[in-house]
Peer 1: 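Here it is, the structure in full.
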Amino acid sequence: MSRSSPWSALKSLLQTHLPQDEFDLWFGSVEAQLSGDHLSLVVPSDVYADYIRDHHLSTIQQLASGVPGLAGGVTLQVGEDVPAPAATVSSRTPLNPRYAFDTFVPGPSNQFARAAALSVAENPGRAYNPLFLYGGSGLGKTHLLHAIGNAILARDPASRVRYVPTEQFVNELISCIRLQRMNEFRDSYRNTEVLLLDDIHIVAGKERTQEEFFHTFNALHEAGHQIVLTSDTPPVAIGGLEERLRSRFVWGLVADIQPPAFETKCAILLNKARLEGFELPNDVVLFIARRVRENIRELEGYLNRIIVYCTLTGQSPTLDTVRSALSSLLPDERHVTPAEIIRFVAHHYGVKVADLKGRDNRRSIAFPRQIAIYLIREILNLSYPEIGKVFNKHHSTIIYSVDAIAKERLSNPSLDATLTSFVENFR
Ligand code: ADP
Ligand code: MG
């Protein structure tokens, strides 16, 4: 069926009426057959048909009455060969042995999170439960999560450690509900002694997942089993999160990872290069560290490129070689994102990214927030509603912020100079 078919129109309406995971769960693999103005939804099994009939059919009928071309109504039909997706509880994401505590370079920006991770690794289930690590992208959350698992397994290879990207948790849950294998799902998770759940913030707005995770959490916690969660924001800033989960996330210890200081970036770079058997001269280290703002993944990307370039051309990594190796990446091909601008502003004003995205309106936070909003508009030229989404704010607040800074800039030369240098920095 084409994109503009009545079914796709109905589907988008339905999507706005249901939580995302509920929609994916029941309508993700539904196919539709249109005969005249009648739509027949073909579902994989009776389980689907019963559930959809009981819970969603009246909504669907109602929505369909507003869709052109669907005057004949909607019915359900169980299809013979509509495949239901396979359950994946048995497929495991292995730990990466390179993500260990010895390869994690400590620095002021990460020492709190690192110390917390170390004590959980030494005393699983007893130190802090849960441990909740949060910080911006590419700052080492996944690395620390694997390091905990690796350390526990090194000491006790029989320990039931499980690393799960939250995305995978959601997919497994969906498959197991569909295939009526929820017991298997629950047993498999509740049997885990150390559950390392990465990027938990993606459960935002996924009600069914939150419900199930709530029970998993309680079962593990009551049994004294360790739970470690990572997120790109602190629990309070995860939108669409049930209160009972939010309160549990802060039961143990919440630790943040901040963007690395310049010295830490240099140390990480030297360390990675050495691990690859590669010596970098000091001026090259400084050159790269200065150009990478805060994302360590990006730092590694540059280093890898330099290594490949030097190996292929047989040159040694002098400053000149490195300049040409990176010339295509710096600065033209650099793709600036709102998140980078926010992190930059947070770093400059000594506030947290979460605060800039939060609701605290004291001037010490509201002012940098307005600066960040202004810069995103100025540098990326995003629309007001788009910026509103980034900050979880109404677009009128965004317009107000941009105007306020624009006005102040006109009358305040030092702010003007600062903003000019910020903008330069991203060009
Ligand atoms: P996140 O999960 O926070 O997005 P990752 O843990 O995936 O970030 O880290 C991105 C990359 O940076 C990984 O390759 C990781 O090994 C590396 N990295 C991050 N922090 C450090 C550190 N302190 N020392 C060494 N490598 C680090
Ligand atoms: Mg990660």
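Both ligands and their constituent atoms are indexed starting at 1 by order of listing.
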Peer 1: Check for a donor-acceptor pair, side chain of Q210 on one end and backbone N or O of E242 on the other, with a separation under 3.5 Å.
Peer 2: yes
Peer 1: Are the ring centres of W26 and H55 closer than 6.0 Å?
Peer 2: no
Peer 1: Determine, considering heavy atoms only, which of Y134, Y99, F104 sits nearest to atom 13 (C) of ligand 1.
Peer 2: Y99
Peer 1: Between F217 and Y189 (judged by ring centroids, cut-off 6.0 Å), do the two rings come close enough to count as a pair?
Peer 2: no
Peer 1: Are Y349 and L356 side-chain neighbours, meaning at least one heavy-atom pair lies under 4.5 Å?
Peer 2: no
Peer 1: Side chain or backbone, does V105 bring an N or O within less than 3.5 Å of an N or O on ligand 1?
Peer 2: yes
Peer 1: I'd like to verify the contacts: list protein N, O or S atoms under a distance of 2.8 Å from the Mg ion (ligand 2).
Peer 2: T142 OG1
Peer 1: Would you mind telling me if ligand 1 is within reach of the side chain of E300, the backbone, both or neither, using heavy atoms under 4.0 Å?
Peer 2: side chain
Peer 1: Determine the sole option in R162, R178, R186 for which the salt bridge (charged side-chain N to carboxylate O under 4.0 Å, His left out) test with E172 is passed.
Peer 2: R162
Peer 1: Find all atoms of ligand 1 within a distance of less than 4.0 Å from any non-hydrogen atom belonging to G136, and give their numbers and elements.
Peer 2: 3 (O)
Peer 1: Salt bridge check, E298 against R305: does any charged N sit closer than 4.0 Å to a carboxylate O?
Peer 2: no
Peer 1: Should the pair H146 and Y99 be assigned to parallel (<30°), tilted (30 to 60°) or perpendicular (>60°) ring geometry?
Peer 2: perpendicular
Peer 1: Would you tell me which option among I296, T264, T103, L145 has the nearest heavy-atom contact to atom 12 (O) of ligand 1?
Peer 2: I296
Peer 1: Does the Q258 side chain pair with the main chain of L139, one donor and one acceptor, at a distance under 3.5 Å?
Peer 2: no
Peer 1: Could you name the option among R297, H143, Q111 that has the heavy atom nearest to atom 7 (O) of ligand 1?
Peer 2: R297
Peer 1: Return the orientation label for the F344 and H348 ring planes: parallel under 30°, perpendicular over 60°, tilted otherwise.
Peer 2: parallel
Peer 1: For K141, take its heavy atoms, then give the atoms of ligand 1 lying under 4.0 Å from any of them.
Peer 2: 1 (P), 2 (O), 3 (O), 4 (O), 6 (O), 8 (O)
Peer 1: Determine whether more than 12 heavy atoms belonging to other residues, nucleotides or ligands lie under 6.0 Å from atom CZ of R98.
Peer 2: no
Peer 1: Please could you name the atoms of ligand 1 that S137 approaches to less than 4.0 Å, counting only its heavy atoms?
Peer 2: 4 (O)
Peer 1: Any atoms of ligand 1 less than 4.0 Å from a non-hydrogen atom of N110? List them with their elements.
Peer 2: 23 (N)
Peer 1: Taking distance alone, with no angle check, do L139 and ligand 1 share an N/O pair under 3.5 Å?
Peer 2: yes
